[in-house]
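Below, chain A is the first sequence line, B the second, and so on; all start at residue 1.
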Amino acid sequence: MKIALLGNPNTGKSSVFNLLTGLRQQVGNFAGVTVDKRSGFIQLDQVQHELIDFPGTYSIYPRSKEESVVFDVLSDSNHSQHPDQIVFVVDASNLQRNLLFFTQVYDLGIPCILVLNMWDLAQRKGIIIATEELGKMFPGVPIIQSNARIGLGKDRILKALTSNGNTELNQVRFLESSELCSIDDVQCQKLEAEKRLRKIKDSLKHVVQTKTPEGDSISRKIDRVLVHPIFGYVIFAFVLLTIFQFIFTFANAPMNWIDTLFSHFSTWSSEAIQPGLVNDLISQGIIPGIGGVVVFVPQIAMLFFFISILEESGYLSRVVFIMDRLMRPFGLNGKSVVPLMSSVACAIPGIMATRTISNWKERLITILVAPFMSCSARIPVYTLLISLVIPKTFVFGFINLQGIVLFGLYSLGIVFALLVSLLLKLMIQQKEKGFLLLELPDYKNPRWGNVFINVLEKVKIFILDAGKIILAISIILWFLASFGPNMNESMHGLSKTNAYQSMTEKEQTKAMDACKLSNSYIGILGKGMEPVIAPLGYDWKIGISLITSFAAREVFVGSLATIYAVQDESDEQTLLIDRMRNEVKADGTPVFTLASGVSLMVFYVFAMQCMATMAVVKRETNSWKWPIIQLVFMGLLAYFSAWLCFILLS
Amino acid sequence: MLNTLDHIELQRVVEIVSVDNSPISSKLTEMGLVAGQLITTLFRAPFGDPIAIELNGTVLSLRLEEAQFIEVKA
């Protein structure tokens with residue numbers, strides 16, 4: 001049996017889902033749209049039944065393409081996901097509006113259970129519901145009170161499902177003429193909603209007694225501060241700063257552990273398996289590739305931990321409220337703010353967080369511009385290049401020039417994120433008009449169980465969906481970096497030279513690695529593209545590092561260290577910086593000048609140098625079209641801006 | 001006196017007279033914005049847009065361009 005879970009947003013529907021299924025959940029997409037489909041199993045009379053959580057909506061008629069899955073599944077009895085039974089969750093303190101959607105579902109004739117959730121909240125607001133009278137409105141529907149946030153109601157819901165399971169399709173209708181409107185006929189839908197609301201209001205007179213229908217006075221008081229014209233922004237900035245501070249402080253350690261762990265795995269497997277191609281593939285290709293996926297987990301988990309708390313507490317909708325007006329001119333939405341801000345830490349969780357944006361165009365624009373925000377992987381590239389080409393002087397005697405440049409790079413990313421949004425707003429055509437019409441729920445303490453499940457879900461989606469692509473690309477990159485047509489001959493030739501013979505063992509390894517990389521396919525590619533990148537001020541060694549850093553931007557630093565055969569282990573990187581400073585072109589002029597250095601930094605601000613982001617964009621847009629457009633567009637922008645910088649500064 | 005919701009001062013209780021036809025009129029109706037419904041204007045976002053209103057104890061936010069379809073009387 002298939003059981004659908006339906007209801008309005010902010011009714012505690014996901015708490016009910018977590019309560020019923022516990023940790024035995026799966027996430028995926030509904031066919032054709034990128035809307036999270038959470039499903040789990042519940043046991044009734046020793047039989048497993050599938051419970052599917054549908055997106056929270058206010059009506060059977062969709063607000064957006066993404067919400068249309070509810071209409072599609074419910075209106076088509078032959079649909080593969082069409083439910084045999086429905087658990088409908090309503091907010092007991094707001095029956096009138098919640099019942100609109102319920103009466104639409106009830107009139108479909110599918111056996112239903114009505115769950116009056118947040119029962120305690122209703123009581124606190126002085127709302128008294130005569131459950132028996134409510135039952136008379138909907139013959140055949142068991143009505144259950146629950147408070148899923150504190151875990152109350154599970155047994156009652158399961159019991160009702162068991163006894164309700166064999167009921168025939170309900171013949172009673174709430175509205176006599178209950179034909180569904182067509183999905184595009186707004187006028188028909190409006191009239192239907194009016195009819196239903198009128199009848200609900202009439203019927204509820206005998207059901208609900210309210211002293212005075214009043215909002216939560218505490219929430220109103222908090223709102224006076226949190227949406228204040230000045231303090232509202234100050235507090236939001238403070239919240240963001242705290243989150244980033246936390247992530248930068250605490251994500252690094254676990255990321256290093258993961259790195260170390262996987263390099264141990266790699267060494268161990270290279271010793272345990274017979275030397276040869278299989279050994280190389282596993283110890284240098286697959287294991288580091290998996291490590292490259294897992295290393296993102298701490299950042300993703302931490303960001304979603306905070307985003308879930310903001311969401312659960314009700315603050316996130318206030319952020320949307322105060323930012324909406326600012327983002328709208330750029331074709332974005334108040335809901336774009338958190339994904340874009342998260343992208344300052346890492347674009348992956350940022351892009352995954354765009355699921356809350358219901359309008360497809362606004363969501364797509366947010367996804368496409370998110371990688372312009374300077375993420376933490378760019379920091380090693382920026383700091384290396386800044387300390388190399390920007391003098392440590394002080395402007396006005398106290399502002400560090402290096403700091404100004406770093407700030408400038410971040411600002412450049414933000415400015416272009418907005419400019420490109422503007423451009424995309426004009427370019428992407430869409431019939432569907434974006435609108436806000438958002439509920440600002442009362443503030444509540446977050447439920448840690450829900451936060452935990454949400455974090456787990458996002459990590460699982462990333463590892464299982466994006467991980468495959470990242471692993472595949474990193475194996476390809478490994479292959480290209482480890483093999484080459486004349487690699488063995490070159491390495492053999494190197495080992496015969498006098499210079500090599502007189503090196504220490506450590507220097508020999510370094511020299512060998514450098515020789516290997518520059519004679520690999522990537523090396524050949526880097527040399528081949530030298531004419532293309534020469535106008536930007538780069539040589540083939542930088543070219544190689546640009547290609548390898550498609551795995552992740554910070555790989556740029558490691559690759560340069562390999563090519564120059566220097567140690568990159570000390571924090572100061574003095575060896576690498578000295579070596580880069582002394583690097584000269586064929587004509588004797590230095591490679592790294594102010595012009596080429598700035599040009600490289602600007603290149604890294606704009607270029608889509610991250611396969612993991614591409615994999616996530618593919619997952620979130622459900623096609624390769626958008627990540628490829630993004631790669632090409634960002635690449636061209638990076639190329640021409642870097643070229644311009646080089647010309648202007650040399 | 002009739003007016004549209006985007007022109008109403010804050011902290012006023014008004015009654016909805018009608019919701020004009022528009023691409024989002026069915027969505028406004030589904031949120032409970034129907035003729036006869038009493039609503040309170042609560043607060044505005046910085047820059048005056050969107051606005052927040054209260055009806056039946058819940059708070060809704062809507063953009064001014066959405067609020068202009070709602071005709072109200074004091």
> Please check if the side chain of A:Asn359 supplies one atom and the backbone of A:Glu362 the other of a donor-acceptor pair under 3.5 Å.
yes
> Take A:Tyr106 and A:Phe174, measure what ring-ring contact (aromatic ring centres under 6.0 Å, His included) needs, and give me the verdict at the end.
CA-CA 7 Å; A:Tyr106 178 79; A:Phe174 185 74; 7.2 Å; no
> What part of A:Ile230 gets closer than 4.5 Å to chain B, counting heavy atoms only: side chain, backbone, both or neither?
neither
> If you count heavy-atom pairs within less than 4.5 Å of chain B, which of A:Gln189, A:Glu439, A:Gln96, A:His228 leads?
A:Glu439
> What part of B:Ser22 gets within 4.5 angstrom of chain A, counting heavy atoms only: side chain, backbone, both, or neither?
backbone
> Is it true that a side-chain atom of A:Asn8 and a backbone atom of A:Thr57 form a donor plus acceptor pair closer than 3.5 Å?
yes
> With a 4.5 Å cut-off on heavy-atom pairs, point out which of A:Glu192, A:Arg328, A:Arg196 contacts chain B the most.
A:Arg328
> For A:Leu440, which atoms come within 4.5 Å of any heavy atom of chain B: side chain, backbone, both, or neither?
both
> For the interface with chain A, which of B:Ala35, B:Gly36, B:Ser25 has the highest count of heavy-atom pairs at distances below 4.5 Å?
B:Ser25
> Taking the side chain as every heavy atom from C-beta outward, state whether A:Leu332 and A:Leu340 have any atom pair closer than 4.5 Å.
yes
> For chain B, which of A:Ser59, A:Ser317, A:Gly334 has the most heavy-atom pairs under 4.5 Å?
A:Ser59
> Which answer fits A:Leu437, side chain, backbone, both or neither, if we ask what part of it has an atom under 4.5 Å from a heavy atom of chain B?
both
> With heavy-atom distances below 4.5 Å as the criterion, would you say the side chains of A:Met118 and A:Asn147 are in contact?
no
> Measure distances from B:Ile51 to the heavy atoms of chain A and classify the residue's part below 4.5 Å as side chain, backbone, both or neither.
backbone
> Indicate the ring-plane relationship of B:Phe47 and A:Tyr233, choosing parallel, tilted or perpendicular according to the 30° and 60° boundaries.
tilted
> Decide, yes or no, whether a salt bridge links A:Glu66 with A:Arg363 under the criterion of side-chain N to carboxylate O below 4.0 Å.
yes
> Mind checking whether A:Phe321 and B:Phe43 have parallel, tilted or perpendicular rings, split at 30° and 60°?
perpendicular
> Could you look at A:Phe101 and say if it's the side chain, the backbone, both or neither that has a heavy atom under 4.5 Å from chain B?
neither
> Check whether B:Glu66 gets within reach of chain A through its side chain, its backbone, both or neither, counting any heavy atom under 4.5 Å.
side chain
> Measure distances from B:Pro23 to the heavy atoms of chain A and classify the residue's part below 4.5 Å as side chain, backbone, both or neither.
backbone
